[in-house]
Protein chains: 2
Amino acid sequence: MNEERSSSTEDTLGHQFGAFYKIPIEKFFQFALSVDCVILGYHENGLKLLVIERGTEPHKGKKALPGDLVYPAEDMELAANRVLKDLTGLENVYMTQSKSYGQVDRHPIGRVVTVGYYSLISVDRYQPLASSWAANVVWVDVNELPLLAFDHNQIVNQVLATLRERVRLQPIGFELLPKKFTLGQLQELYEAILNTTFDKANFRKKILSMNLLKDTKERQTDVAHRPAKLFSFDKKAYESLRQQGFSFEM
Amino acid sequence: MNEERSSSTEDTLGHQFGAFYKIPIEKFFQFALSVDCVILGYHENGLKLLVIERGTEPHKGKKALPGDLVYPAEDMELAANRVLKDLTGLENVYMTQSKSYGQVDRHPIGRVVTVGYYSLISVDRYQPLASSWAANVVWVDVNELPLLAFDHNQIVNQVLATLRERVRLQPIGFELLPKKFTLGQLQELYEAILNTTFDKANFRKKILSMNLLKDTKERQTDVAHRPAKLFSFDKKAYESLRQQGFSFEM
DNA sequence: CCAAAAGTGTTGAGTCTACACCCATGA
DNA sequence: TCATGGGTGTAGACTCAACACTTTTGG
């Protein structure tokens, strides 16, 4: 698509402030773009991050976020979904853009700017550990992150900070749980993300008073205590409440 | 910096999932990167956006965000500050990164990915209207935005959405006001950003109970009503409160 | 019966909302 | 003396935190 652009050394994109006069426009088209995916899941009472092990240099052997270069004519969201699909088989996952990282020296091979994307996935929708890439793909606990390749620790920490803010104002936590879950699981999840504890009775009263949960009329089985009711998130109820100005707050 | 990189057609950056084998690495280094600055100020009882008028194609004559291409060896934050300085003379302004925009066809000359940056500035620190670029630079009310060049409307709307969230959880509104301000001005500001109204007595009680404002012992002069006390934001108090777990909420 | 987690009720402190009212200044 | 916005007090509704208590299951 940019093969046809003028190669005149006078061509300057028309900037207003004179910074680029005399610099040929080609000099600016030397960047590569990549996407890195922060895939979070909730697993064994903790928030987990999906990482791969790099098979080649640079950072061979280190753990890293699943990521790849973007094709010159490929949209970033598509690239993020392509990477996610190649890795996990997951399709149509809603990925949210996080920050971009463009430190000049962040990649040894050249100027590679990367855009972070993140998604919360539920273990009942997909478990990457069982995939054909199993040997290369592992969940790590976000509280025990290893040193990741490139600036990936920074990317993850940014996503976690965003998540902790967003989860208090939007009902996104449910994406991490199975379709049917108990109030105890929901509370554990919020406690894991926000790294705090809630009073059981108060947490229940608050969440139930929002009318966002549908009672599935089912219960846990085979547990060595009183079986809990199973609820599901009522997306329709949330949408109609939200349009009436309701705001989710935890 | 990336002049020295290998030009072997086998070089693939070492990706895990086979997407790029056989594609020469040079093909990926065809992107340009730009920054676009969303500069917001508070002026005549409304939130205003700083825009320039483009002097050249594409989008000649349209209003646009101040922005420019990033040099191949320039960090993005530096580029954003360079643009801001070129335009307004302002230095050392803290700019926050917003989202990135990379639609394949967003720029006619080639694949240009842009990163949004935003900043809130106070009219007593700088008034771009009085600068040497005056003819090209105007404030527009964010509630009456014209059609901007490229995808700049989208960039602005994203920043405004972020601002409306952030302003409720962090005391960033003060950056838009003069150093000394009245509680009435502060309330008007919050009402403008959040597009709502607050009860005067309750707003005052809430904000004063946070102990974030320092009474300057000064008052308004030459007003046709009881002169209001002038307050300033107490950054030190905020920092020490924040470390004790205090959370700002409006 | 016990352990464990589900699930409920109460109480008092604290916060929020609405609204009425007084104050100081310039015109 | 009036208009204008600054500034305050209070009552009732509402929300929240703490904690004690009952219920239902498997072992």
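In what follows, chains are A, B, ... by sequence order, proteins preceding strands, each numbered from 1. Side chains are part of it too, since the values below use all heavy atoms of this structure and drop only hydrogens, waters and symmetry mates.
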The correct set of residues in residues 175-195 of chain A placing a heavy atom under 4.0 Å from DNA chain C is A:G184
Rounded to whole Å, how long is the line connecting atom CG of B:D222 with atom P of D:dG5?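 That distance rounds to 16 Å.
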To the nearest angstrom, the CD-P distance between A:Q220 and D:dT25 comes to 11 Å
Can you sort out the partners of B:D199 under side chain to side chain donor-acceptor pair (under 3.5 Å), two or more places apart, ordered by chain and number? B:N202
Residue set satisfying side chain to side chain donor-acceptor pair (under 3.5 Å) with B:K48, at least two apart, ordered chain then number -> B:D141
From the 5' end of DNA chain C to its 3' end, which nucleotides mark the outer limits of contact with chain A, defined by a 4.0 Å heavy-atom distance cut-off (strictly under)?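 The contact span of chain A on DNA chain C goes from C:dA3 to C:dT10.
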For [X], which residues count as a salt bridge (Lys or Arg N to Asp or Glu O under 4.0 Å) partner, sequence neighbours excluded?
X      : answer
A:R242 : A:E239
B:E218 : B:K180
A:K63  : A:E53

Atom [atom1] in [X], atom [atom2] in [Y]: separation rounded to 0.5 Å?
X      : Y      : atom1 : atom2 : answer
B:N45  : B:E191 : CG    : CD    : 10.5 Å
A:H152 : A:Y101 : NE2   : OH    : 10.0 Å
A:M95  : A:C37  : CE    : SG    : 3.5 Å
A:I52  : A:K62  : CD1   : NZ    : 13.0 Å
B:D68  : B:D36  : CG    : CG    : 9.0 Å

Its contact letters, B for base, S for sugar-phosphate only and - for none at protein heavy atoms under 4.0 Å, make nucleotides 12-23 of chain D read -----BBB---B
Quickly, which of B:L40, B:L160, B:I39 forms a side-chain contact (heavy atoms from CB on, under 4.5 Å) with B:L49? Name it, please. B:L40
Exercise: identify the closest heavy-atom pair between B:N211 and B:L241: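 That would be O-CD1, 4.3 Å.
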To the nearest 10°, let me know how far the axis at one end of the helix from C:dC1-D:dG27 to C:dA27-D:dT1 is tilted from the axis at the other, five pairs an end.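 Between the axes fitted at each end of the helix from C:dC1-D:dG27 to C:dA27-D:dT1 lies an angle of 0°.
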Can you list every ring-ring contact (aromatic ring centres under 6.0 Å, His included) pair that touches residues 192-250 of chain B, not counting sequence neighbours?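 Qualifying pairs: B:F174-B:F233, B:F198-B:F203.
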In short, side-chain hydrogen bond (donor to acceptor under 3.5 Å, both in side chains) pairs touching residues 159-171 of chain A with sequence neighbours left out are A:Y118-A:R166, A:Q158-A:T162, A:R166-A:Q170, A:R168-B:E249
When you measure from every atom of DNA chain D, which of residues 240-247 of chain A have a heavy atom less than 4.0 Å away?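 None - not one residue of the stretch has a heavy atom sitting under 4.0 Å from the strand.
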Pair A:S100, B:S100: side-chain N/O donor-acceptor within cut-off below 3.5 Å: yes
